[in-house]
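Small disclaimer: the values here were computed from a predicted structure and weren't measured.
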Amino acid sequence: MSRDVPRIPLCYDCHVGINTGGLMPGLGTIINVVLLVAGGLLGLAGGRFITPRIQDTLMKASGLCVLFIGLGGTMQKMLLIDGKALATTGTTMLIVSFALGSLIGEAINLEAAIENLGEWLKRKTGSEGDNEFTNAFVSTSLTVCIGAMAIVGSIQDGLLGDWSTLALKGALDCIIVCTMTASLGRGCIFSALPVAVFQGTITLFAGALSPIMTTAALDSLSLVGSMLIFCVGVNLIRPQTFRTANMLPSVVIAVIYALLF
């Protein structure tokens with residue numbers, strides 16, 4: 001894969017751009033957060049009228065959708081047509097990224113830190129009686145924060161004032177969070193906080209990050225991020241199968257690997 005620094009596209013995942021006129025940087029993250037919260041509130045309102053049996057089925061359905069979103073993104077970046085046969089790419093990068101990233105994540109125990117944040121939010125919001133609050137917060141945060149659209153959209157927002165990619169991401173997040181909130185509860189809505197911090201920080205430092213986000217780096221980030229989303233989907237169906245949060249450093253390792261090799 002090329003190591004040349006590309007011109008940041010208006011929409012990395014959909015290749016469709018909208019001329020936004022260079023409006024206020026940070027507007028994209030605001031739109032994303034508002035749409036996410038709106039989806040969560042809609043799901044919360046609908047979830048009150050759903051029986052526990054239906055909520056369990058809906059949670060598994062949400063997990064299945066998240067699982068295939070991750071699987072689809074993985075296959076899109078990993079499979080290629082070589083003549084008349086299918087071939088794979090990025091396998092060495094995946095092994096190195098997940099091995100080193102998981103080792104770093106386990107050493108600092110990122111999962112415990114994120115769960116502690118969820119427990120803190122649970123207390124502060126008076127949700128002690130909601131047994132699913134922390135799981136809902138962690139699972140939804142990982143689902144909506146990981147991915148190339150968040151990175152590229154935030155860079156576009158910071159450099160060009162172009163909010164189109166984050167607006168599209170916000171619409172997708174709205175649907176995902178609505179469904180997950182209906183099954184897991186209001187903890188999902190608070191995923192808006194890490195989204196605001198993560199994307200807002202990238203927007204703020206867009207000028208420094210833009211040269212690093214080469215085509216190869218974005219492809220590697222998208223591949224690893226999609227596999228992490230797949231792990232989130234598995235956890236929604238079979239809880240505690242993966243400590244996904246402890247694998248998060250794999251995304252950073254994937255970008256470094258792409259820049260070095």
Side-chain angles (χ1 to χ4, degrees), residues 1-17 20 22 24-30 32 70 73-74 76-78 80 89-105 107-108 110 114 141-170 173 194-229 244-261:
M1 291 181 286
S2 171
R3 293 177 57 188
D4 295 335
V5 179
R7 177 184 176 187
I8 296 292
L10 287 180
C11 180
Y12 179 75
D13 281 352
C14 62
H15 305 292
V16 175
T20 58
M24 176 186 70
L27 182 60
T29 294
I30 295 172
N32 193 163
T74 301
Q76 182 184 32
K77 294 300 178 184
M78 195 172 185
L80 52 85
T89 184
T91 51
T92 302
M93 181 276 296
L94 282 176
I95 294 170
V96 172
S97 297
F98 273 94
L100 292 179
S102 298
L103 184 63
I104 295 170
I108 61 181
L110 273 176
I114 296 175
S141 296
L142 291 173
T143 302
V144 297
C145 282
I146 302 171
M149 287 185 81
I151 304 290
V152 175
S154 298
I155 291 176
Q156 292 169 350
D157 197 7
L159 292 180
L160 309 174
D162 174 15
W163 47 263
S164 60
T165 300
L166 291 184
L168 174 60
K169 177 180 177 293
D173 289 348
V195 167
V197 172
F198 180 63
Q199 293 179 183
T201 301
I202 293 174
T203 298
L204 185 63
F205 294 101
L209 290 173
S210 180
I212 300 173
M213 290 297 120
T214 65
T215 300
L218 287 169
D219 284 341
S220 297
L221 183 151
S222 183
L223 177 52
V224 171
S226 293
M227 288 189 66
L228 290 173
I229 290 174
T244 310
N246 282 348
M247 299 179 184
L248 282 175
S250 303
V251 175
V252 178
I253 301 299
V255 172
I256 294 173
Y257 184 97
L259 294 174
L260 294 178
F261 304 101

Would you name the heavy atoms of [X] and [Y] that are closest together and state the gap between them?
X    : Y    : result
I114 : A245 : CD1-CB, 3.7 Å
G200 : T29  : N-OG1, 3.9 Å
V144 : K169 : O-NZ, 2.8 Å

Residue pairs, two or more places apart or on separate chains, that pass side chain to side chain donor-acceptor pair (under 3.5 Å) and touch residues 245-256: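 Matches after skipping sequence neighbours: E106-N246.
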Do the side chain of [X] and the main chain of [Y] share a donor and acceptor less than 3.5 angstrom apart?
X    : Y    : value
T203 : S154 : yes
S210 : A206 : no
T201 : V197 : yes
D157 : W163 : no

Should [X] and [Y] count as side-chain neighbours, where that means a heavy-atom distance under 4.5 Å?
X    : Y    : result
I104 : I253 : yes
L248 : L142 : yes
P249 : L100 : no
I202 : I155 : yes
M247 : V224 : no
M213 : V152 : no
F98  : L228 : yes

How many angstroms lie between atom [atom1] of [X] and atom [atom2] of [Y], to the nearest 0.5 angstrom?
X    : Y    : atom1 : atom2 : result
F198 : I151 : CZ    : CD1   : 3.5 Å
I256 : S220 : CD1   : OG    : 11.5 Å
N32  : T165 : CG    : OG1   : 11.0 Å
T89  : L94  : OG1   : CG    : 9.0 Å
D219 : M78  : CG    : CE    : 13.5 Å
L221 : S226 : CG    : OG    : 9.0 Å

